[in-house]
Amino acid sequence: MKMRVFILSLVVLVMGHLSVSAQVRVDNSYIDGVQEYSSGNWQKAADLLDKAIAAQPDNDAAHYYKGLSLMRLRRNEDALASFRKAVSLDTSNYWYRDRLALVYSVLGEIEVAEKEYEDLVRMFPRKLESYYTLVNLYIGRNELDKAVSAITSIENLQGKNDGTVMTKYQILLHQQKQEEALETLKDYSREYASPQVLSMLGDHETGMYNDSLAVAYYDQALELDSSYAPARLGKAEVFRMTRRYPEYFSIIQELLADDDIVADAKADYLTQLMQHVDPKFISSHRVQVDSTFDIMLEHHPADTSVLRTAGIYYFSTGRQEKAKQIFRTNKENNPGNLQAQQYYVQVLSSMNDFKELAKECEEASKRFPGNPDFDRVYIYAEINQDHYDAVIAKCESMIARNPSDSLTCLEAYASIGDCYNLKKDLPKAYKAYEKALKINPDYAPVLNNYAYYLSLEGKSLKKAYKMSRRTVEQEPDNATFLDTFGWILHLMGKDVEAKPLFKHAMLYGGKDSATILAHYAIVLEALGENDLAEVYRKQAKAKAAEGSE
């Protein structure tokens with residue numbers, strides 16, 4: 001910086017005729033601008049610095065602080081011009097060049113930024129900040145050899161540390177230089193004592209199935225820091241993989257009881273374990289696994305991730321009531337947490353606890369008015385309790401609240417139609433379906449139900465045929481839609497055309513429906529295939545006995 005100190009005297013510094021009072025104002029503009037910048041008043045700072053620059057265009061410091069102010073104002077293109085000017089006035093100033101390189105990076109001109117930082121390390125070879133920035137730029141541009149070279153320069157200046165060694169290790173692994181990467185860790189561990197690096201060496205040996213050597217590395221790490229979680233966990237995993245289960249559960253349960261380890265990490269570990277472990281492991285060690293989850297719950301009784309993980313575990317292992325209690329606790333502890341509410345609703349739905357499900361969804365829809373899913377699940381719960389009037393009332397309120405929401409109105413009219421059908425009030429059902437189809441003429445669920453109920457009445461079969469055909473065209477592998485269309489064809493005397501539809505439905509879930517199996521049997525019988533018809537008739541009766549519709 002060429003101008004750092006302003007001397008208030010009779011010396012004329014600008015244009016030979018600048019008065020003393022004018023010089024004072026110029027100096028004050030620069031000084032006040034720097035003060036305003038330091039106070040966070042960046043626009044005011046930029047304005048004052050503009051005045052200083054107008055009076056003294058070669059004031060490199062003014063250009064620099066103006067650039068800083070403009071960066072704060074997110075005017076990076078303008079800031080670039082200011083920094084370039086500052087550098088042109090004083091090419092030897094580290095901070096001017098550093099900010100210029102930074103703004104190039106911010107603007108996405110990475111190649112230019114990289115060159116600027118390379119110039120910086122040549123001019124200021126002992127400034128570590130530039131090397132660290134270059135490492136990140138090189139990695140971002142996949143110039144990994146350059147990144148390794150820059151890390152080596154850092155190590156030559158300040159010595160090796162865990163950060164430089166681990167970064168170099170990860171780069172070498174990415175380059176498929178496994179042996180070189182491993183030697184990087186080993187060389188460091190011979191020279192420095194590091195729990196992190198020793199644990200990484202343990203992880204490597206675990207992956208190579210060198211169990212004893214892996215444990216030795218973990219033990220060395222734990223001698224340095226007995227609480228180092230990665231080493232404890234690595235050692236536990238060796239014990240699990242070598243079926244030394246008492247030692248495994250002992251370490252894991254100590255980890256889960258360690259209050260210095262964050263709850264999320266514990267929950268994440270158990271989630272990963274449950275997803276990847278052999279199910280026989282859980283069933284064979286149910287008592288120990290249960291104790292492991294209970295220890296985590298005891299130490300983090302209100303943590304959302306812990307409760308969610310434990311709830312999923314108990315639900316997936318058939319303890320639905322315990323899972324329900326855990327999810328309820330999670331929901332009650334976090335009344336504003338949408339996910340906590342959704343998990344509780346999901347478990348109620350899976351348990352077919354329709355009474356509690358309807359009550360919970362009614363309350364949830366008030367707490368989360370912008371989420372229509374709770375209204376949908378409420379409708380599902382009430383239909384399963386034959387509370388058709390409650391569903392109709394809910395759907396009408398949904399339409400009244402959201403008359404411009406086409407999807408909400410469409411689904412509401414569809415549910416109203418279904419409920420009136422179940423109430424045997426077909427005129428009102430058809431009226432609701434017509435309203436739904438005005439919103440979306442191709443809405444397959446309504447087209448299918450409307451067509452099917454028409455077919456059951458045995459009237460308007462041509463209309464039913466057209467609607468049902470559109471559903472099959474949209475979803476040719478939907479067994480329910482295939483059944484409706486096939487049944488309508490049968491009623492129209494077109495059993496030859498109906499047969500392949502039912503045959504196709506058998507491949508996509510039709511064998512799980514007593515109704516579809518019975519319809520297929522009737523079509524086969526109409527075609528004279530009595531033996532095959534009898535086979536499907538028996539299957540239909542068996543499914544009906546199981547409670548399948």
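Given the structure is predicted, the values throughout are model-derived calculations rather than measurements.
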State, with a plain yes or no, whether a side-chain heavy atom of [X] is found less than 4.5 Å away from one of [Y].
X    : Y    : answer
L49  : S29  : no
Y344 : E332 : no
L201 : E205 : no
V148 : Y138 : no
Y228 : S199 : yes

When you check the side-chain N and O atoms of [X] and [Y], is any donor under 3.5 Å from an acceptor?
X    : Y    : answer
D373 : Q342 : no
Q43  : D47  : yes
Y217 : D203 : no
N161 : Y192 : no
T242 : D211 : no
N41  : S39  : no

Once the angle between the rings of Y30 and Y65 is folded into 0 to 90°, is it parallel (under 30°), tilted (30 to 60°) or perpendicular (over 60°)? perpendicular
Using the ring of each side chain (for Trp, its six-membered ring), is F327 parallel, tilted or perpendicular to Y343, with breaks at 30° and 60°? parallel
Sequence neighbours left out, what passes ring-ring contact (aromatic ring centres under 6.0 Å, His included) with Y131? Give chain and number order. none
With Y94, which residues qualify under ring-ring contact (aromatic ring centres under 6.0 Å, His included), at least two apart? F124
Side chain [X], main chain [Y], donor-acceptor under 3.5 Å:
X    : Y    : answer
N59  : A62  : yes
T317 : Y314 : yes
H276 : Q272 : yes
N210 : L213 : no
T206 : G202 : yes
S189 : K186 : yes
K266 : L256 : yes
T184 : E180 : yes
T91  : V87  : no
N334 : G336 : no

Under a 4.0 Å N-O cut-off, is there an ion pair linking [X] with [Y]?
X    : Y    : answer
K324 : E356 : no
K235 : E247 : no
R240 : E237 : yes
D78  : K66  : no
K44  : E36  : yes
R190 : D187 : yes
K127 : E129 : no
K322 : D294 : yes

side-chain hydrogen bond (donor to acceptor under 3.5 Å, both in side chains) between T408 and N402, worked out: CA-CA 7 Å; T408 295; N402 305 285; 5.0 Å; no
Would you say that more than 12 heavy atoms from the other residues, nucleotides or ligands in this model lie under 6.0 Å from the [atom1] of [X], or not?
X    : atom1 : answer
M208 : CE    : no
E111 : CD    : no
R84  : CZ    : no
K115 : NZ    : no
Y209 : OH    : no
E179 : CD    : no

Considering the options L270, I282, T292, which one meets the side-chain contact (heavy atoms from CB on, under 4.5 Å) requirement together with Y313? I282
Trace of the side-chain hydrogen bond (donor to acceptor under 3.5 Å, both in side chains) decision for Y64 with N93: CA-CA 11 Å; Y64 172 69; N93 188 298; over 6 Å; no
Please lay out, stage by stage, how M71 and L102 fare under the test side chain to side chain contact (heavy atoms under 4.5 Å, CB included). CA-CA 10 Å; M71 279 195 76; L102 175 62; 4.2 Å; yes
Let me see the working for L107 and V112 under side chain to side chain contact (heavy atoms under 4.5 Å, CB included), right down to the final yes or no. CA-CA 10 Å; L107 290 169; V112 181; over 6 Å; no
Applying side-chain contact (heavy atoms from CB on, under 4.5 Å) to R401 and not counting sequence neighbours gives D375, S397, M398
From CA spacing to verdict: side chain to side chain contact (heavy atoms under 4.5 Å, CB included), L233, I252: CA-CA 7 Å; L233 181 59; I252 286 300; 3.8 Å; yes
Go through the steps to decide whether N142 and L144 satisfy the test side chain to side chain contact (heavy atoms under 4.5 Å, CB included), and finish with yes or no. CA-CA 5 Å; N142 205 35; L144 301 183; 3.6 Å; yes
Between R328, R367, K366, which is the residue that forms a salt bridge (charged side-chain N to carboxylate O under 4.0 Å, His left out) with E360? R367
